[in-house]
Amino acid sequence: MEPQLLALLFIILYFLFEEEANYRRARRPILFRLNETRRRYCTINLSVPVLERFFNNEDTRPDFRLSRESLAVLMNLLNLNRRHGWGAEIEVLVFLFWLACGTSYRVVSRVFGIPRSTVHRIVHRVTANTAEDLEAVTRGFAGLARHRAFARTAGAIDGCHVRIRPPSGPDCQCYRNRKLFPSIIMQAVSDHQGRFIDIYVGWPGSVHDARVLRHSPLYQRGLYPPPGHFILGDGGYPCLQHPLPLITPYKRPVQGVGAQRFNLHHSRARSIIERAFGMMKSRYRAIFLHMLEVHHTFAPHVITACAVLHNICLGAGDIVAPEDEPEPNVVEDEGENDVEAVAGAQWRDQLSAEVSALEEVPRDHDYV
C-alpha cells in the first residue's frame with residue numbers, strides 16, 4: 001500500500017474514534033443526571049437561577065408567589081410519585097412557576113432547562129392531583145355582618161370571569177361576556193375567611209350567573225349548606241329556600257328602613273367572597289388579569305388548581321391582600337317569579353325583622 005493511502009486511512013480511523021469518544025463524553029452527563037438521586041440532581045443544576053434561589057433558602061415569593069411554609073404544605077399534600085430523577089419537588093416548582101408567571105411552556109422549559117414536552121406533562125399531571133367547622137363559619141359571618149341575625153350563614157356565593165383564549169368557530173361568541181372579552185365563569189362559595197368551600201368552573205362568559213347556579217352540583221344535589229342554614233348572594237341571584245337556601249338583598253329602590261338595614265348587614269357579610277376573588281387574583285395576576293393561554297377545555301383545571309392553592313396559602317397564614325377593586329354587581333331580575341323564590345323572600349323578610357329587633361354583634365374581632 002502506498003504511504004499516502006496508508007496515512008489517509010489512519011486519519012479517517014482517528015476521526016472515527018474521536019467522534020465516538022466525543023459522543024460518549026457528551027452523553028455521560030445526561031445519563032448521570034437522569035439516574036442520580038434527587039439531591040444530586042438539584043446540586044448539579046444549581047446553575048439554574050430559579051433552583052439556586054430555592055435551594056439556597058432565599059425568598060420564594062418572587063418566583064412562585066408562595067411562601068416557603070405554603071410550598072412545604074403543598075408538597076406534602078400532593079405527595080406525587082416520582083417518575084423522573086429530579087423528584088416530585090421539581091415538578092411542583094415547575095407547575096407553580098408556570099402559574100405565577102402565566103407564561104408559555106417554552107419559556108418555562110428554558111428557565112428550568114428541561115424539555116417543553118416535560119413541562120406540558122408536569123402541568124397536566126400536577127393539576128389532576130390537586131370539613132369546614134360550621135360553627136366557626138357561622139360565628140364568623142355574624143361577625144362580618146355585625147349582627148346576630150346572620151349567625152346561620154354558611155357561606156357567600158358569587159361568580160368571577162376569567163379571561164381565556166376563545167375557541168375557534170361559531171362557539172367563539174358564546175364566550176364573550178357583558179364586557180365583550182372572552183371568558184369562562186368561576187362560581188365559588190367562600191367561608192368567613194375567604195377560603196373556597198365549593199367551586200364550579202367552565203360555563204361560557206355570556207351565561208348569566210343564575211343559570212350557572214341552576215346547573216351546578218351545589219344547586220342540583222343540595223348537599224350544602226346544612227338544614228337551617230343559608231348562603232348569601234348578590235342581587236343577580238334569585239332569593240331561594242329550596243333546593244338551595246340562598247338569601248339575596250332587597251331590590252332597589254329599597255322600601256323602608258328595615259330593608260335598608262338588612263341590605264347593609266347583608267353586604268358586609270357577603271363581600272368576603274369578593275375579597276376572596278381579589279386575594280386569588282393578586283397572587284396569580286398572570287392567570288387572572290391576563291388572557292389564560294391554554295385550551296379552553298383545560299382552563300377550568302388551571303383555575304381549580306389556583307383555588308386549591310389559595311386555600312392552602314390561607315391555611316398556612318400566607319395572605320396576599322387584594323389589590324383590585326371588586327367588580328360592580330349587575331342586578332337582574334332572573335328567577336324572582338319562581339315559586340321557590342317566593343319562599344326565599346319570606347325567609348328574607350323574617351331575617352329583616354330579626355335585624356330590626358336584635359342588637360348588633362360587638363366587634364371583638366376584625367374579620368375584614
Side-chain angles (χ1 to χ4, degrees), residues 38-39 41-42 45-46 48-130 162 186 194-196 199 201 276-277 279-294 298-323:
R38 176 179 63 238
R39 183 173 180 274
Y41 174 86
C42 296
N45 288 273
L46 284 181
V48 177
V50 64
L51 295 180
E52 180 183 10
R53 289 189 291 269
F54 175 78
F55 288 103
N56 285 339
N57 293 321
E58 297 182 16
D59 186 13
T60 58
R61 289 177 183 267
D63 292 325
F64 306 107
R65 304 292 292 168
L66 296 174
S67 65
R68 287 193 167 274
E69 293 76 11
S70 299
L71 279 173
V73 173
L74 177 62
M75 290 181 178
N76 289 333
L77 288 176
L78 289 177
N79 192 23
L80 298 175
N81 297 324
R82 291 173 54 187
R83 296 185 180 180
H84 302 285
W86 49 74
E89 289 89 343
I90 303 299
E91 293 192 5
V92 176
L93 294 180
V94 168
F95 175 71
L96 293 178
F97 184 87
W98 177 76
L99 279 183
C101 298
T103 186
S104 64
Y105 296 150
R106 181 181 293 104
V107 173
V108 178
S109 69
R110 292 176 180 174
V111 170
F112 284 87
I114 58 179
R116 184 177 59 176
S117 59
T118 302
V119 175
H120 178 273
R121 287 194 299 269
I122 289 175
V123 168
H124 282 255
R125 181 164 176 254
V126 178
T127 301
N129 284 278
T130 53
V162 182
M186 173 186 177
R195 291 178 296 183
F196 296 120
I199 58 174
V201 191
F277 286 143
M279 288 189 290
M280 185 172 62
K281 289 180 179 180
S282 296
R283 186 181 301 277
Y284 299 110
R285 301 181 65 86
I287 298 294
F288 292 98
L289 301 183
H290 302 280
M291 182 179 293
L292 186 54
E293 292 288 348
V294 298
F298 182 58
H301 300 283
V302 176
I303 298 168
T304 302
C306 290
V308 173
L309 293 174
H310 166 81
N311 285 358
I312 293 174
C313 292
L314 291 186
D318 183 8
I319 300 175
V320 175
E323 300 177 4

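Excluded from the calculations below are hydrogen atoms, water molecules and symmetry mates; all remaining heavy atoms, backbone and side chain alike, are included.
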Note, V302 side chain near W98 side chain (heavy atom, < 4.5 Å): yes

Nearest heavy-atom approach of F64 to L93 is CE2-O, 3.3 Å

Under the 3.5 angstrom rule, does the side chain of T304 hit a backbone N or O of P300 as a donor-acceptor pair? yes

Starting at NE2 of H310, measure out to CD1 of I303 and round the result to the nearest 0.5 Å. 14.5 Å

For S282 versus V320, what's the shortest heavy-atom pair and its separation? CB-CG1, 3.8 Å

With distance as the sole test, does N311 use its side chain to make a donor-acceptor pair with the main-chain N or O of F196 at under 3.5 Å? yes

Does R68 make a cation-pi contact with F54 (under 6.0 Å, within 45 degrees of the axis)? yes

If we ignore angles and hydrogens, is there a donor and acceptor under 3.5 Å between the side chains of S109 and R106? no

In this structure, NE2 of H120 is separated from OH of Y105 (nearest 0.5 Å) by 5.0 Å

Would you sort out whether F97 and F112 count as a ring-ring contact (aromatic ring centres under 6.0 Å, His included), showing the intermediate values? CA-CA 10 Å; F97 184 87; F112 284 87; 5.6 Å; yes

Can you name the closest pair of heavy atoms from V111 and V48 and give their distance? O-CG1, 3.0 Å

L66 and its side chain to side chain contact (heavy atoms under 4.5 Å, CB included) partner, picked from L96, L99, I312: L96

L51 side, atom CG; N56 side, atom CG - distance, nearest 0.5 Å: 10.5 Å

Under 4.5 Å between any side-chain heavy atoms of I122 and V92, yes or no? no

Salt bridge (Lys or Arg N to Asp or Glu O under 4.0 Å) partners for R53, two or more places apart: D63

Aromatic ring pairing H124/F298, orientation class (parallel under 30°, perpendicular over 60°, tilted between): parallel

At their closest point, which heavy atom of M279 faces which heavy atom of P322, and how far apart are they? CG-CD, 3.6 Å

List in chain and number order the residues that pass side chain to side chain donor-acceptor pair (under 3.5 Å) with D318, two or more places apart in sequence or in another chain; answer none if no residue qualifies. R61, S67, S70, R283

When rounded to the nearest 0.5 angstrom, what distance separates CE in M186 from SG in C306? 8.5 Å

So, taking the atom named CZ in R195 and the one named CG in L314, what distance separates them when rounded to the nearest 0.5 Å? 7.0 Å

